[in-house]
Number of protein chains: 4
Amino acid sequence: MRSNSVQTSSNPTFTESARRTQIMKCAIEVLAESGYSGASLAEIARRAGISKSVVLYYFSGKDDLLSSVVFDVYGRAGQAITEALSHEASPGEKIAAYVRTNLHFLEEHPADIRAVVEIVSNARGSDGTHSFVPQGEDPVLAHFEQLLREGQDGGEFREFDPHHLAIIIRSAIDTASGRLVADPSFDLAAYTRELISVVELATGIHRSEESS
Amino acid sequence: MRSNSVQTSSNPTFTESARRTQIMKCAIEVLAESGYSGASLAEIARRAGISKSVVLYYFSGKDDLLSSVVFDVYGRAGQAITEALSHEASPGEKIAAYVRTNLHFLEEHPADIRAVVEIVSNARGSDGTHSFVPQGEDPVLAHFEQLLREGQDGGEFREFDPHHLAIIIRSAIDTASGRLVADPSFDLAAYTRELISVVELATGIHRSEESS
Amino acid sequence: MRSNSVQTSSNPTFTESARRTQIMKCAIEVLAESGYSGASLAEIARRAGISKSVVLYYFSGKDDLLSSVVFDVYGRAGQAITEALSHEASPGEKIAAYVRTNLHFLEEHPADIRAVVEIVSNARGSDGTHSFVPQGEDPVLAHFEQLLREGQDGGEFREFDPHHLAIIIRSAIDTASGRLVADPSFDLAAYTRELISVVELATGIHRSEESS
Amino acid sequence: MRSNSVQTSSNPTFTESARRTQIMKCAIEVLAESGYSGASLAEIARRAGISKSVVLYYFSGKDDLLSSVVFDVYGRAGQAITEALSHEASPGEKIAAYVRTNLHFLEEHPADIRAVVEIVSNARGSDGTHSFVPQGEDPVLAHFEQLLREGQDGGEFREFDPHHLAIIIRSAIDTASGRLVADPSFDLAAYTRELISVVELATGIHRSEESS
DNA sequence: CATGAATGAGACTTCATTCAT
DNA sequence: TATGAATGAAGTCTCATTCAT
């Protein structure tokens, strides 16, 4: 999915890496502000203060740029989440940490997430099918679903359908980036608290234990 | 945002109305299948078996066509919801009916909803701002939020933040259209049951009362 | 290979047919004068006094335009040759008529032939292989080779290798279009006489009969 | 047309000469395989395993590279032909040797010849005129024409038009490179035999003498 | 000696839209 | 009522070339 236009020798130049990062950053900004269809190479280049050709010098094409953005953001978010989950023991705490970390990442990188959402929900191949939501499998969702399932198997949670509950909670997470970008007065901290309450109620985890 | 190209005399012709409906139907199909960027006037006209010019004869432009679609689908969905809510008395039952009716409408008109989501999340004016998610106010969300607030005011519900809970539940509703289109094996009935359970738990409504 | 951009109803409009013909004529001129790489859509449109978009309105793309040119010219040339051959009885006379008609068509339509040669020898698909010289089979060459073979089978000709002789004579025919375009002083009539002499000598046909 | 980018001191470095040769070799490969339009500097550099800039360091531009290729191949071919002709005495033998040597060179360096054909038939200056087929004069053709004329003047040949016969025979020679590249099953030896037969018949040289 | 970086011109193509009929 | 014809803006991408290091 990801390929460099620049003939990457074993160690990519500092300049190259910096330029790629800069271009990706500008692409993210444009995507977050102007949406998928507004994110033309010309606009991205303009924002970066460079010529269109430079973008195509560092990325083999628009697809490569967008894939790289998705790859990069997913990578950073995934890393943060993995790190956070490693500190938690019980499934209930893992779930809460998962939601909290997701929304926290989103708070610190709202444009990144918004950009990824724009790309994922709009990018389509020449056959018209989505490029980033592969048929049936969704690793992000599957991962979270597994978390729910583990808690349930451990007897800690109530009876529920892990697949559908995962969809519900993930949608609540994903929608936040849109709110954050569109509505400056959106209170993410309060939203996070509310969502965690909902998750606890929905999973049946006993909050009393935590608060005691 | 909406203006007719056809000089509407007092009584719009039957032909005119039929043509508009037909074109909107095709637009919805294309939007649902090929996404926002795949929905060119040419493609819509091709699917309708007419020439591009006809589309522009009945709609003053692409914007007009798309807003008409949104207007139309919102209208029909709103009507169904209003009708359903009128049969319910208690806030708890209203909330459940709201969710159920939303998902039911979505089940019967998946493409309609998908099309609207595509339009709303992508259509932007020349200034780059969203055309359909007005800054701050969102009548659909506000309506549902009001429902939650009423139940809370009536003492029937637990303590929660109506605004944020409304966002959470609406996102769970809205995400279903995407699932339905992308994943043929998606079980909407099960999803509906799960979501209603979550809503009941999240609002604190006592289900025992209903089942007793 | 050939497809219309315009939604061809059962009977193509006069205007449409005329425009297509006009555009193809201009394409042929540009190809003959400026070669394959000089034949951009912009240049062709400029010569036709129309906008680039019009070209793409009548042809689904550059490939379609070039294919149509090849198809058209081959069609006309083939028709002329078939017609001419039908008047001749003996293989020797058929061969001579074949050469004569080819060069005669070339004399009257030098740019057409030149354009086709440019396209055929340069057009390549995305895989880098020639688009118009299919691997192994060459109907034009095969046809002429068959003519030679028939004369040989009838005992009228000397012993020779029909395949290779066909290549030799066809190359002499094909090269003439280049001469004609590049060198205004090129005497096609004299060239034709010389080539027919060579063909008679090479096939071993007895000219004495004709001259007696 | 030809100018060195490297500041040639009195004795060009071995490295320089080797690099130039290597680049020209790769250019020839690309031209033979992918045709004129496929022969970009990037592709040539890629095949040579060097950067585009190196190509432009050793050649002042693409034009310089291509003319160097033509110059080089023509030089080698011309040398081989001159050498071969020096061993023959009679015009008839010279002609045969000319054809044989041409096709022999082509057999041993098919890509070289193919590359030159691609360049010569496609390269054009900014004014759109061919860069390598100068108006009217063609030294290669003129040389061969002179050979024919000498045989004719010596009374050894029949009456014919040397200019046009030269064109015919040269076209048969030139076409072979295309066949060789496109059709792996092409039998060059057989083609050579057939062409020499044709040349002998066309010039009227008495083969009986040679074979006796 | 070699290259990484950057650029601008120009290629093909898509698309919404206007206009006359 | 409907459409064929035409257009211009904008999009992605390729390429030869220049420049500083």
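A note on names: the letters A, B, ... follow the listed sequences, proteins ahead of strands, and every chain is numbered from 1. A quick note: this is a predicted structure, and the numbers were derived from the prediction, not measured.
Remark: F/dG4 base-pairs with E/dC19. Criterion, Watson-Crick or G-U wobble with two distances under 3.5 Å.
Listed nucleotides F/dA16, E/dA2, F/dA2 differ in distance to D/Lys52; the shortest reach to its side chain belongs to F/dA16. When distances are taken from the side chain of A/Leu41 to each of F/dT12, F/dT3, E/dG4, the shortest belongs to F/dT12. Out of F/dT12, F/dA5, F/dT3, the shortest distance to the side chain of B/Val54 is found at F/dT3. Checking F/dA2, F/dT12, F/dT7 against every side-chain atom of B/Tyr58, the shortest atom distance belongs to F/dA2. For D/Ser51, the listed nucleotide lying nearest its side chain is E/dT3; candidates were F/dT3, E/dT3, E/dA11.
Rounded to whole Å, atom P of F/dC13 lies 19 Å from atom CD of D/Glu43. Computed from coordinates, the D/Lys62 NZ to F/dT18 C1' distance equals 17 Å when rounded to whole Å. Separating the CZ atom of A/Phe59 from the P atom of E/dA6 is a distance of 12 Å, rounded to the nearest angstrom. We find that CG of D/Leu56 is positioned 17 Å from P of E/dC1, with the value rounded to whole Å. Distance, D/Leu66 CG to F/dA16 C1': 12 Å, rounded to whole Å. The CZ-C1' distance, from B/Arg46 to F/dG4, rounds to 19 Å in whole Å. As a whole-Å value, the separation of A/Phe14 CZ from E/dT3 P is 23 Å. Between A/Arg124 atom CZ and F/dG11 atom P there is a gap of 20 Å when expressed in whole angstrom units.
Close to E/dA2, at under 4.0 Å from its OP1 or OP2, lies no side-chain N or O of D/Tyr57.
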Legend entry - Steps toward side-chain contact (heavy atoms from CB on, under 4.5 Å) verdict (B/Phe132, B/Val116): CA-CA 10 Å; B/Phe132 290 93; B/Val116 167; over 6 Å; no
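Using a cutoff of 4.0 Å between basic side-chain nitrogens and carboxylate oxygens, D/Glu118 and D/Arg114 are scored as salt-bridged. Classification of A/Arg46 and A/Glu43 as a salt-bridged pair holds, one side-chain N sitting under 4.0 Å from a carboxylate O. Look at A/Glu29 and A/Lys25 and you find a salt bridge, because one of the NZ, NE, NH1 or NH2 atoms lies within 4.0 Å of a carboxylate O, short of that distance.
Nucleotides of DNA chain F nearest to A/Ala42 and B/Gly49 differ in position, and the one nearer the 5' end is that of B/Gly49. Comparing A/Ser37 and B/Arg19, the nucleotide of DNA chain F nearest to each residue sits closer to the 5' end for B/Arg19. Positionally, the nearest nucleotide of DNA chain E for A/Thr15 lies more toward the 5' end than for the other of C/Gly38 and A/Thr15.
Counting only heavy atoms from C-beta outward, the side chains of A/Tyr57 and A/Ile23 never approach each other to under 4.5 Å.
Using a 4.0 Å heavy-atom distance criterion, A/Ser53 is classed as a base contact.
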